[in-house]
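Report on the structure given below.
Just so you know, ligand 1 is whichever comes first in the structure, and atom 1 is the first atom listed for that ligand. Just so it is clear, the values below take in all heavy atoms, side chains as well, and ignore hydrogens, waters and symmetry mates.
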Amino acid sequence: MMYSVEEQAKYFEWSGAFLQKMVSPEEIEQLRDVIRFFEWKYYVRHESLISDQQYDLLFSKLRELEKHHPELITEDSPTQRVSSDLTNTFNTVSHLGPMLSLDNSYDEQDLISFDNQIKKLTGMDGDIEYAVEPKFDGGSITLVYEQNIMTRSATRGDGAVGEEITSNVKTGIPSIPLKAALSDYGIFRAELRGEVIISKDNFEKLNAKREEEGEMLFANPRNAATGALRMKDPNEVKQRRLEAFIYQIGIAENKQGESVANNIGTQYGSIEILQKLGFKTPEKEARLCKNIAEVVEYCREMEAGREQYPYEIDGMVVKLNDFKLQELCGYTQHHPRWAIAYKFKAKKALTQLLEIQYQVGKIGTITPVAKVKPVQLAGVTVSSISLHNEEFIISKDIRIGDTIEIERAGDVIPHVVGSVNDLRRGHETPFVFPEFCPVNDTEVPVKLIRESDEAAWRCPHCVCGAQNLQKIIFHVSKPAMDIDGFGKSYVEQFYKMGWIRDIGDVYDLDFDQIAQLEGFGTKSANNLKSAIELAKNKPIHRLLHSLSIHHLGKKASKLIAERIRNIWELKTWTLENYTEIKDIGPVVGQNMVDFFSQESNLVLLQKLEQNGVNFDQMEEDQPPVIAADAPLAGKTILFTGTMTRLNRREAQLMAEKAGAKNISAVSSNLNILVVGENAGSKLVKAQKLGTVEVLTEEAFLSLISS
Ligand code: IVH
């Protein structure tokens with residue numbers, strides 16, 4: 001562990017003192033140590049000893065001090081995590097040592113052969129010690145430390161050359177220390193290796209959020225993690241909650257450039273050292289095994305428990321523990337001879353694509369679905385898988401009749417990796433997306449449309465009711481009207497019976513009839529009735545969201561609901577009324593205007609209202625009431641330039657909470673302009689006006705915390 005109990009107590013005590021007093025330049029490094037300690041505690045140990053506000057206050061103090069004494073800023077100061085430039089360009093850099101891959105093994109026999117090979121290469125017999133670690137399924141990175149300071153980070157790339165991602169790592173992965181006392185081990189320059197990964201938990205949250213916002217879902221945590229590393233905005237990277245397990249000291253040199261690997265001695269020792277230096281390591285899972293039999297047993301144990309493990313792992317890595325023995329084994333072009341990956345049973349499988357069927361979504365999106373020959377995949381039988389959209393199928397050249405590879409990562413939905421071209425026999429048919437709605441079974445064919453910036457084909461005017469069914473399913477669902485107990489299967493059942501044809505019918509059901517249905521009874525019919533009664537009195541932002549208007553998400557629904565007293569007001573709203581609202585774009589705006597100008601939609605709304613659904617703004621629809629003595633009550637505010645401490649959205653939300661209204665242009669209506677770095681024309685304009693109060697980001701922070 002990096003901090004002794006005494007040190008932890010000391011930093012905690014100091015934090016209290018720092019929170020209360022002015023800090024002198026002499027104390028700047030102490031303050032940094034205090035902040036580093038709390039960052040380690042939070043990001044490596046997942047424990048918070050102080051509140052976010054207290055942490056923010058310490059951080060603001062450090063910033064303030066560094067602002068007045070720029071000569072005292074150090075490269076490893078916690079403030080240097082906060083990126084100043086908004087966009088990254090990814091330069092390529094050569095790794096100090098080649099980033100080799102690993103040889104693979106799949107069963108006990110492979111591991112025993114590996115052990116025999118090691119014995120041959122080292123001339124040893126008897127038991128050989130191995131360090132065994134999880135094989136994390138993320139994106140691999142290198143970290144270069146020079147004189148204890150993290151100077152560079154890169155992706156693996158082709159093994160020789162990778163892409164430089166230093167600012168994303170500094171800002172986006174707080175568990176990576178900017179400073180580590182490698183010199184304690186005689187190391188002047190080090191290249192460390194590790195894996196960047198998203199926990200299964202955070203991955204699910206990320207995808208749930210993306211689903212709500214209508215974005216494409218990530219197929220697995222690895223894609224989400226590796227994608228994040230290459231994002232342009234380091235602050236966005238941070239939102240992905242990446243973690244990095246550092247498992248290897250690749251290069252360790254003294255000032256003369258000579259290897260000091262012998263100061264470390266073993267792989268297991270490396271993990272202990274990295275842990276002491278403050279890195280997040282596989283400390284708990286890394287195990288020192290006395291011989292290959294213990295290795296086999298441990299690999300099996302981890303494989304059996306992989307679903308419970310909080311991170312995606314696709315195997316174990318078995319490393320010869322002793323560095324001197326490693327040296328005797330050497331390397332091939334591809335991998336070290338002293339290590340091997342033990343791969344867990346495939347979560348991948350091959351199967352045959354029998355046909356492509358289509359599903360229609362609530363806004364008419366046509367999703368192609370692969371019907372495959374049923375196959376076992378990590379414990380479940382898979383017979384149909386989404387093919388997402390036309391682009392997905394074309395880019396992978398997936399043909400009907402193909403042998404395709406499918407994969408399932410963790411608890412995530414299976415996805416198609418691609419076709420196995422070598423197994424084609426010539427009878428496979430290339431795929432052509434249908435021109436007319438494939439779900440529609442009425443006589444009049446409906447031509448599909450595809451908007452230029454969208455991947456999906458849509459059936460614009462549903463005549464067969466398939467979309468309506470999806471709209472009803474969405475309307476009653478949790479994110480929309482949240483009608484408790486009204487699941488998809490009930491909607492489908494009632495739809496089939498002809499009891500509900502549109503969302504208006506949801507509020508006019510005959511519960512006596514429902515009680516007669518098989519598997520229902522009076523009690524569940526009554527429960528459903530009360531849940532629907534409850535839904536009639538929900539805030540109008542839910543109703544807006546539940547109408548399945550293309551691109552209209554929860555947030556935009558709230559923003560609109562805040563501004564109207566009754567749903568019918570929207571009948572007269574123009575595009576400008578919508579786009580005047582910050583965060584509502586012209587696309588949603590136009591969709592809203594279109595919706596409210598279509599007669600059939602107005603009839604539907606009337607039906608909802610007649611059936612008792614609330615159309616009036618409720619307290620929950622209104623923005624939170626701001627106390628008259630809130631620090632920014634009644635003020636208008638605008639942020640410009642690059643914020644360093646907060647991202648723009650956070651800053652705006654904080655301002656709103658403090659009573660201010662965010663506006664988007666400098667005019668005589670503006671009260672406060674908060675300037676980040678590189679503020680441009682807005683600052684000039686505000687200064688010219690002379691009526692605008694100009695604040696730095698720090699001044700803004702201290703103002704709202706007052
Ligand atoms: S050691 C010279 N240890 O697996 C040895 N690799 O297939 C270098 N990986 O590119 C690798 N967990 O991204 C090592 N505990 C672990 C690992 C690990 C995941 C990845 C790494 C590497 C790939 C090789």
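- Under 4.0 angstrom from ligand 1, the non-hydrogen atoms of Val317 all belong to its side chain.
- Judged as a salt bridge (Lys or Arg N to Asp or Glu O under 4.0 Å), and not counting sequence neighbours, the contacts of Lys135 are Asp314.
- Of all protein heavy atoms, the one lying nearest to atom 12 (N) of ligand 1 is Phe136 N, 3.0 Å.
- Compare Lys135, His334, Glu133 by their heavy atoms: the one nearest to atom 4 (O) of ligand 1 is in Lys135.
- For the residues Tyr247, Phe245, Trp338, the heavy atom positioned nearest atom 9 (N) of ligand 1 is part of Tyr247.
- Contact annotation: Pro336 has at least one heavy atom less than 4.0 Å from an atom of ligand 1.
- Considering only non-hydrogen atoms, atom 3 (N) of ligand 1 lies nearest to Lys319 out of Arg193, Met316, Gln248, Lys319.
- Applying the side chain to side chain donor-acceptor pair (under 3.5 Å) test to every pair with at least one member in residues 95-111, sequence neighbours left out, gives these pairs: Glu108-Arg300.
- Contact atoms of ligand 1 toward Ser101: 7 (O), 24 (C) (distance under 4.0 Å to a heavy atom of the residue).
- Judged purely by distance below 3.5 Å, without hydrogens or angles, the side chains of Glu39 and Tyr55 pair a donor atom with an acceptor atom.
- A side chain to side chain donor-acceptor pair (under 3.5 Å) with Tyr247 is found for exactly one of Glu283, Glu195, Lys319, namely Glu195.
- Side-chain N/O atoms of Asp76 and Thr74 include a donor and acceptor closer than 3.5 Å.
- Between the side chains of Gln267 and Glu133, a donor-acceptor pair is found at a separation under 3.5 Å.
- Looking at Pro134 against ligand 1, only its backbone comes within 4.0 Å, counting heavy atoms.
- Looking at ligand 1, you'll find an N or O of Glu195 within less than 3.5 Å of one of its N or O atoms.
- Residues Tyr309 and Glu285 have side chains that bring a donor and an acceptor to within less than 3.5 angstrom of each other.
- Which parts of ligand 1 touch Ser140 is read off a 4.0 Å heavy-atom cut-off, strictly below it: atoms 10 (O), 13 (O).
- Among all non-hydrogen protein atoms, the one lying nearest atom 8 (C) of ligand 1 is Leu100 O, 4.0 Å.
- In this model, no donor atom of one side chain and acceptor atom of the other lie less than 3.5 Å apart for Ser175 and Glu243.
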